[in-house]
Every structure is written in C-alpha cells, then in structure tokens.
Protein chains: 2
Amino acid sequence: MESQTHLNQKVQRFSEECRQKGLSVTHQRLAVYKKLAATKSHPTVEELYDLIVPDFPMMSLATVYKTLETFEKHGFVSKTRPTGEKARFDANLNPHHHLVCKVCGCIEDVYDEALSRINLPDTKTSNFRIEDFRVDFRGVCSECQ
Amino acid sequence: MESQTHLNQKVQRFSEECRQKGLSVTHQRLAVYKKLAATKSHPTVEELYDLIVPDFPMMSLATVYKTLETFEKHGFVSKTRPTGEKARFDANLNPHHHLVCKVCGCIEDVYDEALSRINLPDTKTSNFRIEDFRVDFRGVCSECQ
DNA sequence: TAAAAATTTGATAATAATTATTATTTAATA
DNA sequence: TATTAAATAATAATTATTATCAAATTTTTA
Ligand SMILES: [Mn+2]
Ligand SMILES: [Mn+2]
Ligand SMILES: [Zn+2]
Ligand SMILES: [Zn+2]
C-alpha cells in the first residue's frame, strides 16, 4: 500500500512531466494514472476502466487504451504480457521482477538485490546488445494454492 | 543449426510420444513439428503456416493454431508472448532464456549455467510458490543495430 | 485386410482484444 | 476570453485466436 502523500507526490511529478513533454494534463489522464499508481495489482485495461468508471462515468474504454499507450510511449508505465491473454500495466518503474501465477495470471512485484548483480550472458557471437533484463518467476499464488 | 540426424531423432521421438499419448500422428502434425523443430526463430503461427504451405498446400491456418495448442498442452512445444502482438513458439524444451529485441521483436535463445544457480527470492510473506523462472534479456539484435 | 469407431482436419463463423476514425470537446497559451 | 492544437467519446474496423461441424483421415477391432 502506497502512502497517500507518496502517491500525491507521484501524481504531482506525473503532471509536471506531462507538461514538460507537451502532453495535456486531462481529467482522463489523471484518473488513469492515479488509479494505476494506487494499485499493485497490474490491472488490465478493462480492469482499470472498471475501477475508474464509478468516479468518472463518461470515461470511454478506448480512451483508457489510448491513454495507456501514450503513457507507455512516454515512459510513465510499463506493459507486460505473461502467458495470459491481456496486457497488464504497472506504474511502478523501479527495476523489479515478477511472480506470475500460472493458474489465475496475477502478478506480484518482487525485488531482489542479488538479481541485479548477475553476470549478463556472453552475446559476442550473436552480437545482441543487452540493455536490461526481467525475470518472471512462475508458480502458484497463495490464493490459487 | 540442428544437424539433420538430430532433427530426425527429435521427430522420431515426437511420433513415439504422440502414440504413447493416444494422439494420431497425422501429416499435418508432423509437418508443423518438423518445421518448428528445424528453426531457432521462434515463429508465430502465421510464420509457421507460411513455411509449411509451399510443401503442403492444403494445410489450414486453423489447423496450425489447433496443432500448436495441442502440442503445448502435451508439452511438445513452449509458447511465449513478449510485449509484441503475436504468440511465438519453440520446440526447444531445454531450460533456457531469451534475448528479446525491442525493435523487431525477434527472439534468440540464450543458455547460461550461472543463471540456473541464482537464489530464488524469498516469498514467505506473500506465500507464492515458485516453480521455475525465465529471464528475458531485452535489447537490440544485431540486425536492428 | 475390411469395416467400425474415434479422432482430426479444413472451411468458415464467432469472439475477444486492440486500434483506427472522426466529430466534438477540452486544455494550454496569448 | 479567444485561438489553436491536442484529446476524447462513440463507434467502426481490424487482428489474433477460438469454436463449430461436416467431411476426411487415422486408429482400432473383427
Ligand atoms: Mn510490476
Ligand atoms: Mn527459446
Ligand atoms: Zn493465482
Ligand atoms: Zn531486432
């Protein structure tokens, strides 16, 4: 659970960065960002939409799609698609890894300092330039056990 | 590049396992398996279909979909869905990780003994039961540089 | 080997997720 | 507040994937 003040700071930074990048700070964008920054659940587009609609009945699903696309392009959120169907989003940009449930598809964040110290594999022969890496730990969440 | 004899052995084993599991060994299934086992490119369903059609003009795209679904269910292939659009398939079931190109979406296999020895993160508090893990090294392939 | 039973295929329809279109509305700026 | 560029909402279109089902093929049984 993020503290309320921390969340407000995050939203504040988001608004400033939008202006810096020439993006209008609209009610819709604020609503999407706030809901996403307030949860750890890596919601799908539709889940986010359902979270927002009660507070914001005129919100359109297509706007949530486009907003998240914009956010991803500008580096406000990350998008992931583990084995399940739908894309999932995360406003947590600190480098971290994921626990992915094979049963229900839910995602939990996992931080592990040791992982940041692994040696990158040798890619001299294929000449692939590695920029970063993410680990998906796959298994069964507590709910599904 | 797989050697031809190694590939033949793999197809041989595949046929035997199909029979053991009560799956008919059809021309279509052999064609899909052979093409997939012969490439390292992690093709999409449509790419596989296009590879197969010249040799096998009556092949249906729906059959490729269904065949791959069957193969995955029976553990003959693995399916992966990077951030891009389409699912990609791999007949290489040795535990390995992936180099994923951020530009074109291509996937290369990467083996790294050191990775198999990492300590799993502590999940006592969330009670998530980790079964395995996969690392996506993200960056830019040689083609796209 | 031939007939019967079971499975698979191919053609196509249906569905689900996502993206494109466009008239209207809103936000930023002067 | 008026101007202008950008964003939204409603909805159509597209794309990837799955479902349906009669016909064909494969496997089993006699
Ligand atoms: Mn996360
Ligand atoms: Mn692979
Ligand atoms: Zn679960
Ligand atoms: Zn590339």
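Chain A is the first sequence line, chain B the second, and so forth, proteins listed ahead of strands; every chain is numbered from 1. Source: prediction; values computed, not measured.
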Could you tell me how far apart [X] ([atom1]) and [N] ([atom2]) are, to the nearest whole angstrom?
X: A/Leu48; N: C/dA17; atom1: CG; atom2: P; answer: 15 Å
X: A/Tyr65; N: C/dA16; atom1: OH; atom2: C1'; answer: 8 Å
X: B/Leu68; N: C/dT9; atom1: CG; atom2: P; answer: 11 Å
X: A/Arg81; N: D/dA16; atom1: CZ; atom2: C1'; answer: 9 Å
X: A/Met58; N: D/dT11; atom1: CE; atom2: P; answer: 16 Å
X: A/Glu47; N: C/dT18; atom1: CD; atom2: P; answer: 11 Å
X: B/Lys66; N: C/dA13; atom1: NZ; atom2: P; answer: 15 Å
X: B/Met59; N: C/dG10; atom1: CE; atom2: C1'; answer: 11 Å

* Asked: Regarding A/Lys21 and the six-membered ring of A/Phe76, is the cationic atom NZ or CZ under 6.0 Å from the ring centre and inside 45° of its axis?
  -> yes

* With distance as the sole test, does A/Thr44 use its side chain to make a donor-acceptor pair with the main-chain N or O of A/Glu47 at under 3.5 Å? -> yes

* Asked: Any donor and acceptor pair, going by atom type alone, linking the side chain of A/Arg19 with main-chain N or O of A/Val25 inside 3.5 Å?
  -> no

* Asked: Which residue, A/Thr70 or B/Val45, contacts DNA chain D at a nucleotide closer to its 5' end, judged by nearest heavy atom?
  -> A/Thr70

Which nucleotide in [options] has an atom nearest any side-chain atom of [X]:
X: B/Arg29; options: C/dT9, D/dT17, D/dA6; result: C/dT9
X: B/Ser60; options: D/dA10, D/dT17, C/dA11; result: C/dA11
X: B/His27; options: C/dA27, D/dT26, C/dG10; result: D/dT26
X: B/Gln28; options: D/dT27, C/dG10, C/dT22; result: C/dG10
X: B/Ala87; options: D/dA16, D/dT8, D/dT17; result: D/dT17
X: A/Arg19; options: C/dG10, C/dT18, C/dA28; result: C/dA28
X: A/Ala62; options: C/dG10, C/dT18, C/dA20; result: C/dA20
X: B/Glu46; options: C/dT21, D/dA16, C/dA17; result: D/dA16

Please work out if [X] contacts a base, only the sugar-phosphate, or nothing of the nucleic acid, heavy-atom cut-off 4.0 Å.
X: A/Leu23; result: sugar-phosphate
X: B/Thr63; result: base
X: B/Thr26; result: sugar-phosphate

* Asked: Tell me, do B/Glu131 and A/Val140 make a side-chain contact under 4.5 Å, heavy atoms counted?
  -> yes

* Who pairs with A/Asn92 by side-chain contact (heavy atoms from CB on, under 4.5 Å), at least two apart in sequence or on another chain? -> A/Asp90, A/Asn94, A/His96, A/Asp109, A/Tyr111

